[in-house]
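See below for the structure under consideration.
Each chain gets a letter, A, B and so on, in the order its sequence line appears, and its residues count up from 1.
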Amino acid sequence: MNDHNYVPSSKLGKWFNDRLPLLSLSAHLSEYPTPKNLNYWWTFGGILTFCLLGQIITGIVLAMHYVAQADLAFESVEHIMRDVNYGWLIRYFHANGSSMFFLAVYIHIFRSLYYGSYKSPREVIWIIGMIIYFLMMMTAFMGYVLPWGQMSFWAATVITNLFSAVPFMGESITNWLWGGFGVDSPTLTRFYALHYLFPFLILGLVILHIWALHIPGNNNPVGIDVKKPSKDTVPFHPYIVIKDLFALLVFLILFAFFVFYAPNLLGHADNYIEANPLVTPNHIVPEWYLLPFYAILRSIPDKLLGVVAMFASIFVLVILPWLDTSKIRSALFRPLYRQFYWILVLDALILGYMGALPPEGIYLLIARVATAYYFIHFLVILPVLGFKEKTIPLPLSISEPVLNESSDVVKNNKMSTE
Amino acid sequence: MSDQKKTKRRDFLYTVSYTVGAVGIGAAVWPLIDQMNPDRSVKALASTEVDISSVEPGKSITVLWRGKPVFIKRRTQEEITEARAVKLDDLIDPEKDEDRAKNPEWLVMIGVCTHLGCVPLGNKGEYNGWFCPCHGSHYDTSGRIRKGPAPQNMEIPKYEFVSSNIIKIG
């Protein structure tokens, strides 16, 4: 990052840059040295930036037609779908965009877990990322309430009632959140205001996230530091930019499939029934991306402890850099961690699946075991593993394994041609 | 000695300034927080009157009060006997049926599950009372929690019989 000595070539550029060094910033961003061994799992940062901007742009457009008032909200969404020019497209993009956003963020988080990107010196990047993730969940939840269908209303009721578990103050807190004695129009209007605000907070945190990333630079699949920038890195532009764009295009194929061919697949039919405070739908489930947390909430038979466990499941992620005692970042060199990693992935998927099923009998038992394992992974296995595990020796540099491999390939090719 | 005294005076000034500042900021922030509490128009809907003359024994009606459903159930003799026969030791949230239904024939309660606020379904569950489909809480014929994650019995609102056919809730 030797870009302090960047000097714009034009006189005007120099004049401006001396007063506000935006050109230095853009030079830094394009020259930013990036480990040359990054794989496609590293393209999700760019994809996530696209998702955030896509949600903000379509969201602002939807806000021009939506009415955040209990008597009108449901109708105004139907008005967007039927009357507004391209309203269906913009709304389907926004609604499915949230699912795509979470899909990308989960891949991004699990990539960090696999390659140890949360470890020193990148703890602050990780923590900011977790705050972004938490804000994303709150934003998505409040956005889900806005269409004011049955699932919207009951999701709002169940989630705000989590706060009624707070000892002594529970009722005052829920009444304060609702602006009434139950979820009603005041609740809808304030959720709308916050749903509009939070994406901009996320945007600000994304800038901090990238800023914090640019101090130590990217982690990489082998998880060792860059030794020689000239050998181990490539400039961000054009190499990473083009690669990220290609990955984004592939991601957009999936995105477009949902928007154009299965726009309601990830939604719930009950949300096309207007909110009715007198009738709870028979089976209420949150959106798929919140299901693992919902399973944790329901697997604890006590109301307060269930809520505590749900928030704790996010909090253990925040303190993960200090729970994982291993100095080796990448799972490629941690044979045991690699296995536990995949068990955790499976555990998260099981929790998600159990969150969608009714909490009875065998499902409840499985959810409880999976919940227990989730906490054991972070609170027991990871701290112990750092001391017990016999790791594989690290390569000397980022280039070494690549260069050795390619020389092997060259030899093999020679042999085959002979 | 004078040195120390000066330091103390300055400390005092700091403390006073911080305190006054904190009180000022608190006073300025409070309206911004309190505006979210239930407003006058919401509170004005505090009571509602319901005509119950058409409710048959064994049936119930649901009315909206303060945005929440209120169940008004005309219980059969069987249901009353069942509710009154339960021992208090068997209850999660011990409460006598006599205290919940002053007039045993009529059970008036807020139809909101005390777990996470769903509306339980009537004549369902293992105790012939109500069953909450969201997270599986079972209530008996007195609306008391018997099984499941809900911590409390369904709440009894303040109500009175204005005449033999009209109940005023709130």
Which atoms of B:I33 are under 4.5 Å from chain A, going by heavy atoms: the side chain, the backbone, both sets, or neither? both

Straight-line distance of A:F163 CZ to B:L116 CG, nearest 0.5 Å: 11.5 Å

Among the options B:G136, B:C132, B:P69, B:G117, pick out the one with the most heavy-atom pairs lying under 4.5 Å from chain A. B:G117

For chain B against chain A, print all donor and acceptor atom pairs separated by less than 3.5 Å.
unit_1 : atom_1 : unit_2 : atom_2 : d
B:I33  : O      : A:W176 : NE1    : 2.7
B:M36  : O      : A:R190 : NH1    : 2.9
B:M36  : O      : A:R190 : NH2    : 3.1
B:K68  : NZ     : A:F181 : O      : 3.0
B:T114 : O      : A:K303 : NZ     : 2.8
B:H115 : O      : A:K303 : NZ     : 3.0
B:L116 : O      : A:N161 : ND2    : 3.1
B:V119 : N      : A:T280 : OG1    : 2.6
B:H135 : NE2    : A:Y294 : OH     : 2.8

Looking at B:L64 and A:L278, what are the two nearest heavy atoms and their distance? CD1-CD2, 3.5 Å

With a sphere of 6.0 Å drawn around CZ of A:F315, does it hold more than 12 non-hydrogen atoms of other residues, nucleotides or ligands? no

Quick one: what part of A:P277 sits under 4.5 Å from any heavy atom of chain B, side chain, backbone, both or neither? both

Check the surroundings of atom CZ in B:F12: do more than 12 heavy atoms from other residues, nucleotides or ligands lie under 6.0 Å from it? no

Among B:G67, B:G148, B:P149, single out the residue with the greatest number of heavy-atom pairs under 4.5 Å to chain A. B:P149

Please output the side-chain donor-acceptor pairs of residues 83-90 of chain B that fall under 3.5 Å, not counting sequence neighbours, one pair per line with the distance.
unit_1 : atom_1 : unit_2 : atom_2 : d
B:R84  : NE     : B:D97  : OD2    : 2.7
B:R84  : NH2    : B:D97  : OD2    : 3.3
B:R84  : NH2    : B:A101 : O      : 3.2

Around atom CD of B:E49, are there more than 12 heavy atoms from other residues, nucleotides or ligands closer than 6.0 Å? yes

Let me know if A:P281 has heavy atoms under 4.5 Å from chain B in its side chain, its backbone, both or neither. backbone

Quick one: what part of A:I159 sits under 4.5 Å from any heavy atom of chain B, side chain, backbone, both or neither? neither

Given a strict heavy-atom distance threshold of 4.5 Å, which part of A:I284 is in contact with chain B: side chain, backbone, both, or neither? side chain

